[in-house]
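First listed ligand is number 1; within each ligand, the first listed atom is number 1.
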Amino acid sequence: MSKSIYEPLTESSAVALAVRLGIFPEGTPLTCREIGDGNLNLVFRIVDQRTGKGIVIKQALPYAKVVGESWPLTLKRAIIESNALRTFASYVPQYVPTVYYSDESLAITVMEDLSHLQIARKGLIEGKTFPLLSEHIGEFIAKTLFYTSDFGMNQQQKKQLVQQFVNPELCKITEDLVFTDPFFDHETNNFEPELRHDVEALWNDETLHLETAKLKRKFLTEADALIHGDLHTGSIFASDTETKIIDPEFAFYGPFGFDIGQFFANLLLNALSRKEHEQAPILYHIEKTWDVFSTVFSRLWEQHNVEPYAKTNGWLQDILHTIFVDAVGFAGCEVIRRTIGLAHVADLDGISDKQRRLEAKRRALQLGRALILHRYSLRSAQHILATFAQTSTV
Ligand code: SR1
Ligand code: MG
C-alpha cells in the first residue's frame, strides 16, 4: 500500500477515513464531531447512529494549536503516543484506551471512545472527587515505571526502548515551559499585572534558580523509565469507578519522579481553587497516590527485579526516597508554570472572583517555591500537605 500523504482531517474526511480503514462498513450512518480541547491536536469522535458505538481519531497538527502556526511541532509525536499507549497497555490495559490503528504518515491514532468518562480536571473543578483516582494512578505509575526500567525488564531491551522513545521536540517544550521560562522574564509567560511583584521575586531568587536547575538537569539526563511526560489531570479520563490515562505524546525515557510530580501539582492546583472545607478529598488523593505507588513498586521490586543488586539492604528505600524528593521538586515547577507560564489551568484561571483568583495564584507561587526549596526535608506525603496548609493560610 502506498504511503499516505499528511493532511489535517476535517469532520467529513475523518468519516471517510474511518470507512476506508474498515472500522465501519460502508453505508453506516455516522456522525462526527471535532472535540479536541487540548493544546496541540485534533480529536474526532465518530459514532454509529444505529448502535451509539463510537471511536476516536486523534491527529497531530504540524504546529502547536494553543499558539498557532508560528510554533511548528513534529508530527512524530503521534507515533510516540500510539507506541506509548500500546506499551502501557501491555502492563496496565485497564488504565489506557485501546489503540485500534495508527498511521505515522497521517499522524493519527484510532482508539477507544471514552466519552462515558469525564476529563478529570473538568470533573474536579465541578467539585467531583473521583474516589478511585489516586488508587488507579498510583498503580498505573508504579507498574509502567517498574516494568520499563532497568529493574523490571531486560536491560539490553530497555536500551532499544530508550531509542524508540527519543522525543526531543516535546521534551524541549517541557524543558522550556516547565523548567525555564517561568523562572525568567520570558515572552511565553502570562500573568495578571497584579502578580508582577510576586513573579519578579521568583525571577530574582538565586537559590530557587539553583534548585530548579538541578531538577531540570534530572529531566534532561535521567533515563529511568518510560514516563507519560504530561500527566496532568487534563490527561486523565475518570468516573467514580474507572480511570483512563490518555495523551502520552510527551512520553520518553525520563526520571522516575516526573509523572508523580505532575499529578501531585495538578491536584494541588485544584485544591488551591477550592474552599478549605472542600479540599480534603483532593489532599487525600495525594497521600493515597504515594501510598499505592510505593506499595506496588516495592512489591514488584521484591518479586520481579532483574537487577542482581535488588536484594541489597537499603537500595529500594534509597530509590523510593529519591523518587519522592524529585516528585516534590517537579511538582513545585509545574505549580509555578501552570500559574504564570504558558498553558495555564482552568482550576485557577476559572476562579471568577478576581481577588480570590489572585490570592489562589499567590499561594500557588509560594507553594511551588516551597516544594522546590524544601523538597529534601519533606519525608512523606503528609509533609506535602503540611506545606500546602502553611502556604494556604494567610
Ligand atoms: C505548547 S504545548 C503546552 C502544554 O500543553 C501540553 O499539554 C503540555 O502540558 C505542554 O507543556
Ligand atoms: Mg496533552
Begin with the C-alpha distance, continue with both residues' side-chain angles, and end with the deciding distance and a verdict on side chain to side chain donor-acceptor pair (under 3.5 Å) for Asp181 and Thr188.
CA-CA 7 Å; Asp181 299 354; Thr188 55; 2.8 Å; yes

Evaluate Leu202 against Arg369 for side chain to side chain contact (heavy atoms under 4.5 Å, CB included), listing each step before the verdict.
CA-CA 8 Å; Leu202 299 182; Arg369 180 177 181 277; 4.1 Å; yes

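Taking the six-membered ring where tryptophan is involved, the planes of His209 and Phe184 are tilted, since the angle between them lies from 30° to 60°.
Counting only N and O atoms by type, the side chains of Glu242 and His116 include a donor and acceptor under 3.5 Å apart.
Summary of contacts: the protein heavy atom closest to atom 1 (C) of ligand 1 is Val66 CG1, 3.7 Å. In this structure, atom 2 (S) of ligand 1 lies nearest to the protein heavy atom Leu40 CD2, 3.6 Å. For atom 5 (O) of ligand 1, the closest non-hydrogen atom on the protein side is Asn39 ND2, 2.7 Å. The protein atom (non-hydrogen) at minimum distance from atom 10 (C) of ligand 1 is Arg337 NH2, 3.5 Å.
Annotation: side chain of Trp290 is in contact with side chain of Phe264 (closest heavy-atom distance under 4.5 Å).
Residue contacts with ligand 1 for Thr174 are absent, since no atom lies close enough (heavy atoms, distance under 4.0 Å).
Close contacts between ligand 1 and His232 involve ligand atoms 7 (O) [criterion: under 4.0 Å to a heavy atom]. Atoms of ligand 1 found under 4.0 Å from any heavy atom of Asp230, numbered from 1 in the order shown, are 6 (C), 7 (O), 8 (C), 9 (O). Close contacts of ligand 1 with Phe250, meaning ligand atoms under 4.0 Å from a residue heavy atom, involve 6 (C), 8 (C), 10 (C).
Remark: distances from the non-hydrogen atoms of Val67 to ligand 1 are all 4.0 Å or more. Residue contact check for ligand 1: Arg338 places a non-hydrogen atom closer than 4.0 Å to it.
No option in Asp224, Thr322, Asp326 other than Asp326 meets the side chain to side chain donor-acceptor pair (under 3.5 Å) test with Lys218.
For Arg274 (side chain) and Glu278 (main-chain N/O), a donor-acceptor pair under 3.5 Å exists by modelled atom type.
Transitive grouping of hydrophobic side chains (ILVMFWY, heavy atoms separated by less than 4.5 Å) keeps Leu170 and Phe165 in distinct clusters.
In terms of polar-atom proximity, Trp71 is not counted as a contact of ligand 1, lacking any N or O under 3.5 Å from an N or O of the ligand.
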